[in-house]
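When a residue number appears, it is its place in the shown sequence, counting from 1.
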Amino acid sequence: MKFKVSLFVAVMALALSGCTTPEPLPTPSVTTTVTGTTTATPTASETSTATPTATSTPTVSETSTATPTASETPTSTPTGSATPTVSETPTATPTGSATPTATPPAGSLANLARIPWDGGPGYWSKFPGAAKLNNPNLFPVSVFFGKPEHAAQLKDLGVNVYQEAEHDGSTLTSITDTGMLVIAGQEWTRAEVGTNAGVVGWATYDECDMGLGCSGSNTQENLQQMNNLVAKIRAYGDGRPINANYGKGILGTWWANGTMDDFMAVVDFASADNYAYTSPAVGDAFKVSPAWPAEADPAVSAAYGWQVDRMRSFQATPGAKPNWVFVESARPYLSESNAKTITPEQMEGAMWSGIIHEARGISIFQHNNDPAYGNYSLVDIPADRKAKIKAALGRIQALAPVLNTQSYVWDAGVAGADTMLKAKDGSAYLFAGIGLNGATGSKTFTLPAGITGTQVEVVGEGRTLQISGGKFTDSFANEYTHHVYKITI
């Protein structure tokens, strides 16, 4: 299928060609593959591949160090369930400025501290143009650059937001009339967006932190272009929040060196897209990040949660603004001969890793070059694969009312596991997955003192576990295995 917006194709081809400092992008009329030039690419591991795409350190139990800057890699001494390493990324201890004033639920969890966060769906109340995102029953699951005519099919699959949309001659109402929401990209004019309440935000440049999308000759010029574009959008005065998607700048290496904190600060919410499962070059880039845990395998679901922690580490107040994380749904536009295709099980594990690390939304990159699947790998795929993805997204959306509450600081006492603790309607929910460098197998979780329940419901799996001495044990068969535990408070 032909992309009407050839600039998107040019950006994607450039991003995935391994360039770190590209030449200015060609005019939108050029549709052929663009090859950038690099300034200094020290090793093969420095090769960048752009892809709209999270930290092994459990976000429910860490204590932060000083506020990091883009030129520094923060370190912390975690007290969470993951095996601590000096390179793990902190999430700050709750502070008054980051903690909403809502009264905590009754029960033993009321005495626990809270993870700093943006306020969940309530964050969008700051933006009149984002009213439809202010919904506790909606957990944002977006598709990047989706085709308008696919809106009904994507909605049926479990997607609820277009994070940009192809400008192919269709109207935005052809998307929003289905109930889908849109974050409009720069291809769409103010007149085309108008007062459409289904358009809940504006997108800026894609991966400007890497010099892609924008066209500066260095990171300061790229940042200035981002600031200029944000100022232009702010001047619209339409009350819509502004989004940017970033790439390898969150790694704390040479991309966006000294400016990543500013890139995060200039927009109202951000996402990151580094496809650890499918791109070996992305894995190599992770390994040279000073924040990456030694010996950890990047091609695991926990790498997506690590990216969320990296985004939070560049915020002046970690958790003050929402962060979304990208997950691929097939094999993205990758130039590597050894690129892989993600499985539905890996995709689900990656999404949950991001959520456990406090992602407020999931973004899906569906454009694909695996011959086994079509260009749109959420639509042009076999029924069995589509059914698995639909079921995975359904499980996330079913828990939206829980996910849209503020997490508690709690160390479940499990080395090699990532956990998140929440509560809703008299029940505690412990979310758990395998962390970076974590092993599969049996794991025993410790619950907060005072919980009265004697059984654990494993949500969506049709089984229960017994609590003994404030602990319970469960098994994790694969690195992407994750479970949700519900216990009466």
Do the side chain of Gln406 and the main chain of Ile115 share a donor and acceptor less than 3.5 angstrom apart? yes
Given side chains that start at C-beta, do those of Cys214 and Met226 come closer than 4.5 Å, heavy atoms only? no
Run the ring-ring contact (aromatic ring centres under 6.0 Å, His included) test against Tyr373 and tell me which residues pass, sequence neighbours left out. none
Does any N or O in the side chain of Lys321 come within less than 3.5 Å of the main-chain N or O of Ala270, such that one atom is a donor and the other an acceptor? no
Asn323 side chain near Phe314 side chain, heavy-atom distance below 4.5 Å: no
With a 4.5 Å limit on heavy-atom distance, are the side chains of Ile250 and Met260 in contact? yes
Is the Tyr376-His150 ring centre distance short of 6.0 angstrom? yes
I want to check something: taking the side chain as every heavy atom from C-beta on, are Trp352 and Ile396 in contact at a cut-off of under 4.5 Å? yes
Examine the side chains of Ser289 and Thr253 and answer whether a donor and an acceptor come within less than 3.5 Å of each other. no
Could you go step by step and tell me if Asn375 and His367 meet the side-chain contact (heavy atoms from CB on, under 4.5 Å) rule? CA-CA 5 Å; Asn375 184 63; His367 296 291; 3.6 Å; yes
Thr204 versus Asn243: any side-chain heavy-atom pair under 4.5 Å? no
Rounded at 0.5 Å granularity, tell me how far CG in Asn245 sits from CH2 in Trp324. 11.0 Å
Residues in ring-ring contact (aromatic ring centres under 6.0 Å, His included) with Tyr205, at least two apart? none
From the list Val230, Leu229, Val266, side-chain contact (heavy atoms from CB on, under 4.5 Å) with Ile242 holds only for Val230
Quick one: OG1 on Thr173 to CD on Glu192, what's the gap to the nearest 0.5 Å? 10.5 Å
Tell me which donor-acceptor pairs under 3.5 Å the side chains of residues 128-144 have, and how far apart each pair is, sequence neighbours excluded?
unit_1, atom_1, unit_2, atom_2, d
Asn135, OD1, Asn137, N, 2.9
Ser142, OG, Gln163, OE1, 2.9
Ser142, OG, Ser363, OG, 3.2

With side chain to side chain donor-acceptor pair (under 3.5 Å) as the criterion, how do Trp202 and Asp238 come out once you've worked through the C-alpha distance, each side chain's angles and the decisive distance to 0.1 Å? CA-CA 10 Å; Trp202 287 99; Asp238 62 7; 2.8 Å; yes
Sequence-distant partners of Arg360, salt bridge (Lys or Arg N to Asp or Glu O under 4.0 Å), two or more places apart: Asp118, Glu358
Identify the heavy atoms of Pro293 and Asn437 that sit nearest to each other, and give their distance. CB-ND2, 3.9 Å
We want to know whether Ser279 and Glu336 form a side-chain donor-acceptor pair, criterion being a heavy-atom distance below 3.5 angstrom. yes
Between Asp168 and Lys147, is the closest basic N to carboxylate O distance under 4.0 Å? yes
To the nearest 0.5 Å, tell me how far Asn160 CG sits from Gln397 CD. 5.0 Å
Find out whether Ile183 and Phe269 are in side-chain contact, i.e. whether some heavy atom of one side chain is under 4.5 Å from a heavy atom of the other. yes
Just do the side-chain contact (heavy atoms from CB on, under 4.5 Å) check on Val182 and Thr176 with the steps written out, would you? CA-CA 7 Å; Val182 177; Thr176 58; 3.9 Å; yes
Between CG of Leu223 and CG of Asp262, what distance do you get to the nearest 0.5 Å? 5.0 Å
Restricting to non-hydrogen atoms, name the atom on Pro332 and the atom on Ala330 that form the minimum distance, rounded to 0.1 Å. CD-O, 3.8 Å
Tyr480: ring-ring contact (aromatic ring centres under 6.0 Å, His included) partners, not counting sequence neighbours: none
Aromatic plane relationship, Trp124 with Phe127 - under 30° parallel, 30 to 60° tilted, over 60° perpendicular: tilted
Atom CG of Leu154 and atom CG of Leu393: how far apart are they, to the nearest 0.5 Å? 10.0 Å
Side-chain contact, heavy-atom cut-off 4.5 Å: Tyr246 with Asp206? no
Full working for side chain to side chain donor-acceptor pair (under 3.5 Å) between Ser301 and Ser353: CA-CA 6 Å; Ser301 63; Ser353 175; 5.2 Å; no
Qualifying salt bridge (charged side-chain N to carboxylate O under 4.0 Å, His left out) pairs, either residue in residues 216-236, two or more places apart: Arg234-Asp268
Given Asp156 and Lys390, is the side-chain contact (heavy atoms from CB on, under 4.5 Å) satisfied, shown in steps? CA-CA 8 Å; Asp156 178 71; Lys390 181 175 180 177; 3.3 Å; yes
In terms of heavy-atom contacts, Ala299 and Tyr277 come closest through O-CE2, 3.4 Å
If you take all heavy atoms of Ser170 and Pro148, which pair is closest and at what distance? CB-CB, 3.6 Å
Between Lys340 and Thr278, do the side chains contain a donor N or O and an acceptor N or O under 3.5 Å apart? no
Hey, are Gln225 and Ser215 close enough side-chain-wise for a donor-acceptor pair under 3.5 Å? yes
Can you find a heavy atom in the side chain of Ile389 that is under 4.5 Å from one in the side chain of Leu378? yes
Give a yes-or-no answer on whether the side chains of Arg331 and Asn369 include a donor-acceptor pair shorter than 3.5 Å. yes
Do Ser377 side-chain atoms and Asn368 backbone N/O form a donor-acceptor pair below 3.5 Å? no
May I have the step-by-step check of side-chain contact (heavy atoms from CB on, under 4.5 Å) for Leu172 and Val199, ending in yes or no? CA-CA 8 Å; Leu172 284 171; Val199 181; 3.9 Å; yes
Charged N to carboxylate O under 4.0 angstrom, Lys388 versus Glu348? no
Keeping the roles fixed (side chain from Lys155, backbone from Thr178), state whether a donor-acceptor pair exists under 3.5 Å. yes
Give a yes or no on whether the backbone of Val379 and the side-chain of Lys386 come within a donor-acceptor separation of less than 3.5 Å. yes
What one should report as the nearest heavy-atom pair of Phe326 and Ser271 is CE1-OG, 3.5 Å
Ala276 to Pro298 - nearest heavy-atom pair and separation: CB-O, 3.1 Å
State the CG-CG distance between Leu399 and Asn404, to the nearest 0.5 angstrom. 10.5 Å
